[in-house]
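Notes follow the structure.
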Amino acid sequence: MTTTELVETPAPAIEVTSATAVEPEKDRHVCIICSKGTLDMAYPGLIMANAARMSGIKATLFFTFWGLDIITEKTVDELHVPTVGNPSMHIPTMVGGLPGMESMATRMMKKQMEDLDIPDVRELVEILHDSGAEIYACRMAMDMFKRTEDDLVDQVDEVITAMDFYDKAAGSEVIFI
Amino acid sequence: MTTAVFAGVDVEVNEEGFLVNSDEWTADVAEAIAADSGVGPLTELHWKVITFCREDAAREGTAPGLRRISKLSGVGMKDLYALFPKGPGKLAAMVSGLPKPQSCI
């Protein structure tokens, strides 16, 4: 019979960090998932990401499903405002479905944006890239829509999976649009 | 409102650290705000941005947004982020002694 000597191991030191010592914007990170490809759903994500960067907050954008249109070379300048199934248009759905309604609404919105000196979607994506925001496309959506990296605008950093996104988003605030 | 001492001068600032009265701003105050807010020593390029911001605000009556600065000051977007890595949207105005810009762009 052998005797076992009990060795006391020291308890691991616990590091205590104080949340109050952190500066307001320091270490903040916001991740925005853009899943819609209409003009009115493209702007909110891009503007929110830009405002974050302007405030010194790290920003990551993940474009998935219809949101891929925002960073696709062929569609980035062709995003539309939906006039059907959009109660905020305040016009009857049947009227909204008439030929030309959607392009008219799109023209009107683009004109209003221009009057307010808000950049178009392409320029906003360029601004975000220059600001250091990270821009990612969703691998599954790319496969689904049969797009390759060559189809995307130059500002896209990488095509990543949803699991990769979670790795990049660890500890951040996530906004889904 | 609180009073902060920048470069040995008492200036009134709001809770976010922006000068309440932009007339109290001097070049020395700008250097002190820059040091205090983590911008660091001001370079020639910083001064190009600050001069534009103050002149533009005097003309327009409001602090310029970041896109306006990048389009009109001659300092591009990438450089603005390099000059004010902790947030050029706020800090360019703060160092220039102007209120927080109302533009989201």
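Order of the sequence lines fixes the chain letters, A, B, ..., with proteins taken first and strands second; residue numbering starts at 1 for each chain. The model shown is predicted, which means the values in this text are computed figures rather than measured ones.
Salt bridge status for A:Lys110 with A:Asp115: absent, with no side-chain N to carboxylate O gap under 4.0 Å.
Under the 3.5 Å distance criterion, with hydrogens and angles disregarded, no donor-acceptor pair is assigned to the side chains of B:Arg67 and B:Ser103. Inspection of the B:Thr26 and B:Asp28 side chains reveals no N or O donor paired with an N or O acceptor under 3.5 Å.
Note: A:Ile127 leads A:Ile127, A:Ile118, A:Leu124 in heavy-atom pairs under 4.5 Å with chain B. The most heavy-atom pairs under 4.5 Å with chain B, out of A:Pro119, A:Ala51, A:Ala52, A:Gly132, come from A:Pro119.
When heavy atoms are compared at a cutoff of 4.5 Å, A:Glu126 does not approach chain B at all. Contacts of A:Leu116 with chain B are absent, with no heavy-atom separation under 4.5 Å from either backbone or side chain.
Not counting sequence neighbours, the partners of A:Phe62 by the ring-ring contact (aromatic ring centres under 6.0 Å, His included) test are A:Phe165.
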